[in-house]
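Report on the structure given below.
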Amino acid sequence: MSETANLVGTRWLRRVDPAVATAFACIILLLAFGSLYSTNFLSPEYLLQQLKVASFLGVIATGMMLVILLGQIDLSVPWAVAVGGMMACAAAAYGTVGVYLAIPFGVACGAAIGLVNGIGVAYLRIPSMIITLATNAVAQGLMVVYTGGFSPRDSATAAMRFLATGSLLPGIPNAVVIWALIGFAAVFLLTRTTFGRSVYAIGNRERAAYLSGIDTRRIVMVAFILSGALSAFGGVLLAGYASKAAQAMGDAYLLPAIAAVVLGGTSILGGRGSYLGTIAGVILITVLQSILSVMQMPEAGRQVIYGILIVAMLLLYGRTPALR
Amino acid sequence: MTGDWRYRLARNRGTLLAFGIFLAMFTIYVLNHPAGFTANVVQTATNKGVLLAFVAMAQALVVITAGIDLSVGMIFILTNCLASWIVVGTPLQTALGVAGVLAAGLACGALNGAIVIYGRLQPIVATIATGAIYFGIALWLRPYPGGSVNEGLADALTGKLFGIVPASLAVLAGAVLIVWAPFSRSVLGRAAYAAGSAEPAGYMSGIPIRPAKFMAYALGGLLASIGGLFLTFFTYTGEAAFASGNAYTLFSIAAVVLGGVSLYGGTGSGVGAIFGALAFRTIGDLLFVFDLDPLWQPLFQGVVLLVAVSLGAFGLLRVRSRLEWFR
Amino acid sequence: LSEPETVSGPPDEPECFVPWSADTKFFKFPTKDGPYRIALANGYIANTWRIQMIQTAKAYAAQSDVTAKLKEFKVVSTGEDVPAQISAINNFIDSGYDAVIVNAQNPTAFTPVIKRAKQAGVVLVAFDNTLDTEDAINVNVDQKGLGVLWGKWLDTHLPDGGKILEVRGVPGTSVDTDRHNGIHETLDASGKKWEVVEVLGKWDDPTAQKATADAIAVHKKFDGITAQGGDTGVVQAMIDAKHAFVPFGGETENGFRKFCAKYASEGLKCSSAGTGPAQVAVAIKTAIAALEGKVVPQSVKLPLAVVEDPDFKENQDYYPDQSDNFFVGNSFPTCGINFTAQEIMGQTKENE
Amino acid sequence: MAADMGDARPPLLRMEGISKRFGGVRALEEAELTVRAGRIHAVLGENGAGKSTLIKILAGVISPDEGRMLLDGGEVSFASPAEANRAGIVCIFQELSLIPDLSVADNIALFDPPRRFGLIDRRAQRRIAEEALARAGAPDIHPMALVKDLPLSRRQMVEIAKSLARQPRILILDEATSALTAADVAKVFSVLKRLRSEGLALLYISHRMHEIAELADECTVFRNGRNVASYPAGTKTDNEVVELMIGREYKHVFPPKPVSPPAARPVLECRNLSWSERLRDISFSVRQGEVVGLGGLDGQGQRELLLALFGVLRGCGGKVLVNGKPVALSSPGQAKADGIGMALIPEDRKTEGLMLPMSVRENLSFASLDRVSRHGLIDRAAEDRQIEEMVRLLAIRAGSLDMPVGGLSGGNQQKVVIAKWLMRAPRIILLNDPTRGIDVGTKQEIYQLLRRLADAGAAILFYSTDYDELIGCCDRVLVLYDGMIKRELVGKEITEHALIATALNISGEQAA
Ligand SMILES: Nc1ncnc2c1ncn2[C@@H]1O[C@H](COP(=O)(O)OP(=O)(O)OP(=O)(O)O)[C@@H](O)[C@H]1O
Ligand SMILES: Nc1ncnc2c1ncn2[C@@H]1O[C@H](COP(=O)(O)OP(=O)(O)OP(=O)(O)O)[C@@H](O)[C@H]1O
Ligand SMILES: [Mg+2]
Ligand SMILES: [Mg+2]
């Protein structure tokens with residue numbers, strides 16, 4: 001009896017993940033290194049600016065993390081982001097109702113892309129890496145047709161601007177608050193709900209999850225819809241930030257989103273990872289890109305250093321256990 | 001043995017299906033081509049297809065081990081930039097240059113392999129990172145497009161043999177014979193399949209899993225560099241084109257899947273990947289023969305790709321046990 | 001074979017076909033009977049500039065005097081992949097097109113295909129991203145001249161020199177390099193003390209905006225800005241960071257010009273100049289002229305569409321109702337090419 | 001005779017003072033083992049006693065924390081299975097080590113394939129494979145078939161053939177016959193006996209006492225990571241052995257069956273069920289409180305029958321009735337739902353029962369998440385309560401409930417699979433060979449549990465490859481042959497003879 005009670009009590013101990021701790025340590029190290037170049041790297045404005053920019057990636061990476069936890073991947077991020085931003089702006093052209101529905105409409109379009117991905121992966125059993133590649137191409141095609149045909153409106157609504165650049169709480173950009181809210185929701189979803197438990201289970205062994213009576217296909221589909229919707233919402237925020245939408249706006253988010261999730265200790269094979277890690281990964285990638293950018297390193301050197309640093313950090317804490 | 005052919009068919013189904021898809025699409029293409037089925041049309045299609053075929057074969061080697069190489073496109077670009085510097089001059093210099101380019105590709109692949117296997121990193125992220133490194137080096141080599149190549153060699157290898165057969169196709173066949181065939185029949189190649197299919201079981205069976213994976217990555221780099229070399233022959237120049245490097249990486253993944261190589265590892269063949277690449281390229285060529293509004297072309301390509309990758313789903317109709325949904 | 005004759009000028013329509021420099025060659029192709037089959041081999045398509053370019057090309061080909069000369073006008077977009085574009089041109093040559101117009105993904109990669117076009121007597125015209133060759137016709141924007149223009153703008157507005165933010169384009173492209181060199185040579189020549197902070201904007205608004213925001217957060221204050229693209233994002237970042245408005249040398253995005261007009265009084269003194277997508281029309285015009293046996297320069301220099309503070313006029317230099325992404329430089333009056341925004345972006349809508 | 005000679009010779013292999021810890025778990029402590037040539041040495045022990053760990057150390061899969069190994073009197077240590085292989089030590093692991101995507105021939109010749117000019121000679125490889133399969137008594141397996149297409153019992157035969165092809169000096173079988181039917185086991189045994197006479201040393205691990213009785217020359221019993229006894233085979237009774245293993249007194253194996261079969265109403269009825277040539281026209285019913293066994297050779301449709309009932313198979317013909325009402329189940333989710341209350345303990349715990357890297361806790365509550373959650377939110381207190389109850393009920397031995405379930409011993413993993421379903425208090429329980437790889441003590445607990453569940457009103461359908469179990473546990477047994485119910489045995493009719501005769505499709509008279 002007492003032994004069992006004891007067993008239950010140890011739950012909290014294992015939550016301290018060394019990978020996450022190391023990732024946060026790397027962020028501090030990077031900033032310290034940056035401050036050698038200019039002390040402004042430690043200024044509150046710069047840090048808040050980084051957090052604000054990180055929150056776009058953060059929102060997108062949240063969806064990517066869900067999908068990666070399932071052992072899948074979502075390569076449709078670039079055009080899901082663009083579709084979200086462009087469609088939200090487009091909706092705004094249709095009177096006050098349009099302005100009102102702009103954000104939900106943009107997100108819904110992203111969710112629709114996610115739905116196609118989800119059906120493809122869950123019900124048609126097409127490998128996610130390839131179906132999402134295809135939907136990405138289709139989304140791109142749709143946006144080209146759309147841009148060419150209808151003299152589109154692409155400036156962001158006031159609400160989008162407010163979400164991305166305003167600040168309701170003094171000093172804290174709204175984008176950061178939104179990311180925090182989405183983050184809380186994600187943590188809650190992953191740790192406290194049957195959905196989250198099922199996501200981890202499917203990532204580990206879908207067959208066993210299915211035989212346990214879980215509707216694994218629905219869960220996979222929902223995760224992809226969420227990923228599409230979150231990418232699109234990232235696009236909405238991005239459009240708000242830039243005050244307009246553009247076709248290429250998502251291109252820069254695919255590889256960083258994957259890298260951020262994995263740098264945060266989530267296994268690319270699925271089934272293992274915590275949201276705290278993803279937060280660390282997102283900030284890490286954002287700060288790294290920013291520092292390299294501001295230091296005026298030539299692009300060639302920047303790419304090399306970026307690559308080497310990622311490998312180095314992964315070697316620090318992202319190694320898979322040895323076979324023996 | 002009497003029942004053998006059945007097993008043989010089953011084993012090569014992916015490759016045969018890829019061949020079928022390619023054949024069907026290519027037939028549609030040439031039947032509708034204004035110039036018809038001429039040696040020039042075939043040569044043009046081949047030269048374009050062969051580039052991706054090399055990169056796809058590189059990807060296939062790695063995918064068979066249940067890995068993935070998101071840096072193949074960048075190795076392709078890097079070796080293109082390198083070739084535009086060193087594959088010039090006298091025949092001897094040119095030969096040395098070619099060797100240098102291939103060695104560089106091999107080295108990139110080997111670095112990937114070392115990081116993934118001995119560093120024990122997940123291949124997806126590890127190769128995203130090395131891809132950035134390779135691109136950085138490519139950009140350093142070629143800040144602007146330019147350079148040159150031994151044009152005689154380039155013309156010979158992108159031209160036609162006996163006025164009919166595209167020379168690049170012959171080189172591709174040569175690569176299959178020299179790289180793929182021995183790989184698939186060697187102990188290391190077998191171990192590579194085992195690594196992709198069930199790595200712990202392979203380890204417990206005492207086979208050289210890690211050398212096999214390492215070789216798959218290294219040979220992948222080598223094949224990508226043959227692709228880079230051909231890009232140089234085809235364009236006479238080198239260019240550190242980021243977008244096109246990424247595009248080739250993604251295309252190569254699409255190609256291996258179309259070619260019947262399972263992304264979960266353990267099955268498929270390099271030959272299948274080649275047909276997958278050729279089929280994928282033909283999707284793009286179809287634009288040329290159908291009179292589509294230019295703004296609808298990207299959508300058309302996307303939809304054809306979506307349909308092509310969904311073809312495999314028809315197999316689901318035959319699935320009688322729902323457990324077969326899960327591998 | 002029908003190779004062009006190299007002749008000495010003057011060109012057929014001298015006010016339109018302006019030779020690049022004094023030693024530019026002139027071509028006279030053997031006259032072909034119309035109507036012609038002309039193809040446009042485009043590369044990348046998924047951005048507003050390219051979409052607008054294709055719309056313009058279609059609109060131009062649909063103009064009555066042009067239609068009369070065309071039997072077929074075909075457009076294929078092959079994406080970012082150079083070999084695919086080369087193959088498309090090869091296919092056009094093999095299929096007997098009379099002229100191929102190309103927005104080249106790479107200036108140096110087309111040597112073999114230029115050879116083939118020459119052998120087949122096909123007129124090859126490159127525009128926007130032109131070809132490093134003397135064997136095909138280039139319709140060129142003076143990219144370096146653009147950099148010089150922006151550099152001069154900053155020079156005149158900053159009498160004491162100062163700290164400049166330079167937002168660059170896609171590294172490794174000749175356009176980026178030429179513009180960059182133009183700016184720097186001009187600034188260096190001024191003899192003043194300049195500190196230039198370079199960041200990468202990749203001709204993309206969000207990227208440029210982020211890079212600018214970072215640069216402002218770290219460097220606090222700039223005295224002048226120049227950006228090659230993504231300029232709307234750059235101004236947006238200034239506004240968000242409450243950075244004072246300063247002189248700005250930039251491109252021709254509609255959004256940027258909107259800002260320039262709006263904030264001119266607060267110090268956003270702009271020079272907006274660039275390379276509108278309408279240049280495709282000049283390229284088509286050149287191809288037709290060449291096929292008709294008229295004398296054309298090997299390298300045509302396009303006029304820059306420049307508007308500078310305080311001349312920004314509503315619905316002429318910028319369109320408040322149009323997309324921010326819309327590129328405004330759409331008229332080449334010397335070539336008789338004048339498109340309004342509505343004509344270009346609304347084109348398909350009317351057809352449907 | 002063989003035994004006398006063996007004792008005179010020095011031991012071929014000795015393991016001394018071997019200790020191994022996994023985190024907080026002591027898997028082995030100062031363990032010893034002596035293996036002689038020409039002998040079959042059986043290793044016995046409860047689940048989690050450390051048998052597999054010892055074997056893995058011997059085969060170079062893991063390295064010991066302490067201790068040494070002497071081979072032919074010289075000290076050795078193996079850094080990898082390949083090194084152990086080269087020293088002549090070949091092991092069939094409890095978790096099979098076949099490559100599913102390779103052909104049978106490829107697998108058999110995996111370690112050291114025949115080569116010509118450096119490349120694999122497929123013709124020679126095929127010959128080797130055919131020979132090995134024939135030697136192992138499985139010439140029915142086609143050398144070009146993919147391993148993933150074979151049922152588990154055939155895979156075990158391939159694994160045995162593969163080990164034979166390696167020419168071992170020491171051959172280790174870690175529960176290598178657990179999925180085999182009596183006919184296959186008999187063939188394997190004759191091979192093993194021949195190997196013994198050829199002078200090999202064999203280490204044999206099994207939880208089936210009668211197999212050990214038939215095969216072993218000497219036995220070592222492990223308990224809690226220590227070897228507690230070694231003795232020549234046949235010198236101890238089964239009861240004594242079991243007491244050594246579990247360290248306490250041992251009662252009879254099977255709980256008493258109810259005197260007369262319950263006359264309750266049928267809970268589960270099957271009418272003319274058929275599926276894809278594998279199930280033909282199957283009709284039967286299971287009443288409340290009844291334990292119905294499924295017998296027959298492996299692969300005669302038993303597994304498919306259970307899956308069909310559980311809603312996994314598509315396109316089934318016929319009818320299934322639950323509590324008299326026809327149901328059309330199309331997923332396990334529907335099958336476990338409240339109106340139906342079905343549970344399936346699957347065949348392969350590693351791929352179908354458990355999420356190995358996830359914690360014991362998460363695995364235990366996974367099938368009952370709907371019971372411990374409201375509107376999708378998990379009520380952790382309720383979850384913990386139920387989990388504790390199941391851990392106690394089945395005496396699951398785990399260092400912590402938050403450790404990965406993959407770290408438990410095979411038997412404890414199996415208990416988790418069972419517990420995870422019992423947590424739902426199912427009314428229809430389908431079991432697919434649930435005691436495979438489970439020690440006697442635990443088996444006994446499971447038998448008790450089954451009977452208790454039946455007495456509490458559950459209807460149980462129970463497939464087992466072990467005839468003893470069917471005889472001891474079931475009220476009725478349906479013997480399947482080629483997808484059909486060949487015969488139904490009731491009460492006293494359930495005998496080993498009847499089971500085997502029906503399974504082989506020979507009438508009882510002929511067999512006798
Ligand atoms: N990889 C591992 N990580 C953690 N603990 C382990 C690991 N492998 C084995 N153990 C633990 O070591 C102990 C011995 O396990 P082992 O597998 O050797 O038992 P066994 O005697 O083979 O049992 P069974 O008959 O059930 O197969 C068990 O308590 C088990 O939980
Ligand atoms: N993977 C395999 N597994 C088992 N047997 C095989 C395999 N491949 C070939 N064989 C058999 O080995 C013998 C010799 O094979 P051979 O070297 O001719 O292979 P192959 O027929 O060329 O195979 P493939 O055409 O698939 O490459 C044949 O009898 C063939 O049936
Ligand atoms: Mg053959
Ligand atoms: Mg064991």
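Naming: A, B, ... by sequence-line order, numbering from 1 per chain.
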key: Within 6.0 angstrom of Tyr37(A) OH, more than 12 heavy atoms from elsewhere   = yes

query = Is the count of non-hydrogen atoms from other residues, nucleotides or ligands lying under 6.0 Å from Phe33(A) atom CZ greater than 12?
reply = no

request  = Would you check if the side chain of Asn325(C) reaches a backbone N or O of Ala245(A) as a donor-acceptor pair within less than 3.5 Å?
outcome  = yes

remark   = Contacts of Cys109(A) meeting disulfide (SG to SG under 2.5 Å) (sequence neighbours excluded), chain-then-number -> none

request  = Could you tell me the separation between the CG atom of Asp205(C) and the CG atom of Leu238(A), rounded to the nearest 0.5 Å?
outcome  = 10.5 Å

remark   = Output for pair (Leu200(C) CG, Arg302(A) CZ), nearest 0.5 Å, gives 4.5 Å

message = Tell me which of these, Val218(C), Thr207(C), Val199(C), has more heavy-atom pairs under 4.5 Å with chain A than the rest.
response = Val218(C)

query = Is atom NZ of Lys262(C) surrounded by more than 12 heavy atoms (other residues, nucleotides or ligands) closer than 6.0 Å?
reply = no

key: Under 4.5 Å from a heavy atom of chain C, the part of Ser290(A) involved   = both

ask   = What part of Val234(C) lies closer than 4.5 angstrom to a heavy atom of chain A: side chain, backbone, both or neither?
value = neither

remark   = Minimal heavy-atom distance between Val294(A) and Ala215(C), with the atoms involved, is CG2-N, 4.3 Å

message = I'd like to verify something: which residue of Ser243(A), Ser155(A), Ser38(A) has the highest number of heavy-atom pairs under 4.5 Å with chain C?
response = Ser243(A)

inquiry  = Using the rule given for side-chain contact (heavy atoms from CB on, under 4.5 Å), can you reason through Val144(A) versus Arg50(C), listing the C-alpha separation, both sets of side-chain angles and the distance that settles it, and then say yes or no?
reply    = CA-CA 10 Å; Val144(A) 168; Arg50(C) 293 292 174 109; over 6 Å; no

request  = Could you walk me through whether Gln289(A) and Asp214(C) pass the side chain to side chain donor-acceptor pair (under 3.5 Å) test, one step at a time?
outcome  = CA-CA 10 Å; Gln289(A) 284 180 338; Asp214(C) 279 358; over 6 Å; no

ask   = In Å, rounded to the nearest 0.5 Å, how long is the span from CD of Glu198(C) to CE of Met297(A)?
value = 13.0 Å

task = Identify which part of Asp240(C) has an atom lying under 4.5 Å from any heavy atom of chain A, answering side chain, backbone, both or neither.
result = side chain

query = Can you check whether Tyr241(A)'s main-chain N or O pairs, donor with acceptor, with Gln209(C)'s side chain at less than 3.5 Å?
reply = yes

ask   = Under a 4.5 Å heavy-atom cut-off, does chain C meet the side chain of Ser293(A), its backbone, both or neither?
value = both

task = Pick one of side chain, backbone, both or neither for Phe41(A), based on which atoms fall under 4.5 Å of a heavy atom in chain C.
result = side chain

inquiry  = Does anything in residues 51-61 of chain A reach chain C? List residues with heavy atoms under 4.5 Å apart, or say none.
reply    = Val53(A)

ask   = Going by an N to O cut-off under 4.0 Å, is there a salt bridge joining Arg168(C) and Glu299(A)?
value = no

key: Nearest-0.5 Å distance, OG1 of residue Thr232(C) to NZ of residue Lys244(A)   = 4.5 Å

key: NE2-CG distance between His219(C) and Asn40(A), expressed to the nearest 0.5 angstrom   = 8.5 Å

inquiry  = Contact between Thr165(A) and Gln236(C) at the side-chain level, heavy atoms closer than 4.5 Å - yes or no?
reply    = no

Side-chain heavy atoms of Ile51(C) within contact of Gln247(A), under 4.5 Å = yes

